[in-house]
Amino acid sequence: MSKNIFARIAAGEVPAKIVYEDDRAVAFRDINPQAPVHVLVIPRKEIARIGEARQDDTALLGHLLWVAAEVARREGIANTGYRLVINNGPHAGESVPHLHIHVLGGRAMGWPPG
Ligand code: AMP
């Protein structure tokens, strides 16, 4: 049984604006976008956060990064640039316990992040 909101989105139980999906990953628009393009890439597999990933998840983790780059191409931000973010734990502001990569673009961003 699916437990968290992102697992439920991946299962098709909760609606989302999906921009990409395959057998291992789903990408959908963030409900509270922080940039003109703000997409979340998640694995269908329930991994709570990057720190919970196992060594045998490495192929999946690589696939998620490829999906993030593919989403950036499809969203038209590949040439202007974009940022990939993974928040892990309380100090990083993680709020949903299902691994997700933020794909942010469409505007210039500051560094260091807040
Ligand atoms: P994080 O703070 O890294 O855990 O990011 C969680 C992100 O999920 C936030 O940017 C939220 O706006 C986003 N979010 C939460 N619920 C939903 C939802 N149902 N659909 C799309 N994005 C969501």
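Remember, it's 1-based here, ligands and their atoms both numbered in the order they're listed.
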*Classify the ring geometry between H38 and H102 as parallel (under 30°), tilted (30 to 60°) or perpendicular (over 60°).*
tilted
*contact_flag A16 ligand 1 heavy-atom lt 4.0 Å*: no
*Pull out every atom of ligand 1 sitting under 4.0 Å from any heavy atom of N32, numbered as shown with elements.*
12 (O)
*asked:* Could you tell me, atom by atom, which parts of ligand 1 come under 4.0 Å of a heavy atom of I5?
replied: 19 (N)
_Tell me the closest heavy-atom pair linking V41 and A27, and the distance in Å._
CG2-CB, 4.1 Å
_For F28, the ligand 1 atoms whose distance to one of its heavy atoms is below 4.0 Å_ = 21 (C)
*Which atoms from ligand 1 have a heavy atom of G93 less than 4.0 Å away?*
1 (P), 2 (O)
*Who gets closest to atom 1 (P) of ligand 1 by heavy atom: H100, Q34, H38?*
H100
_For the 3.5 Å polar cut-off, considering only N or O atoms, please tell me whether I9 and ligand 1 meet it._
no
*Below 4.5 Å, heavy atoms only, C-beta onward: do L61 and L99 meet side chain to side chain?*
yes
*asked:* For D57, is there an ion pair with K45 - N to carboxylate O distance below 4.0 angstrom?
replied: yes
_For F28 and Y20: C-alpha separation, side-chain torsions, deciding distance, then whether ring-ring contact (aromatic ring centres under 6.0 Å, His included) applies._
CA-CA 7 Å; F28 53 94; Y20 176 93; over 10 Å; no
*Going by the atom numbers of ligand 1, which of them fall below 4.0 Å from some non-hydrogen atom of L40?*
8 (O), 13 (C), 22 (N)
*asked:* Could you check whether R54 pairs with D56 (Lys NZ or Arg NE/NH1/NH2 to Asp/Glu carboxylate O, under 4.0 Å)?
replied: yes
*Ignoring hydrogens, just give me the one of S95, P97, P33 whose non-hydrogen atom is nearest atom 6 (C) of ligand 1.*
S95
*Show which atoms of ligand 1 fall inside a sub-4.0 Å distance from at least one heavy-atom site of R29.*
21 (C)
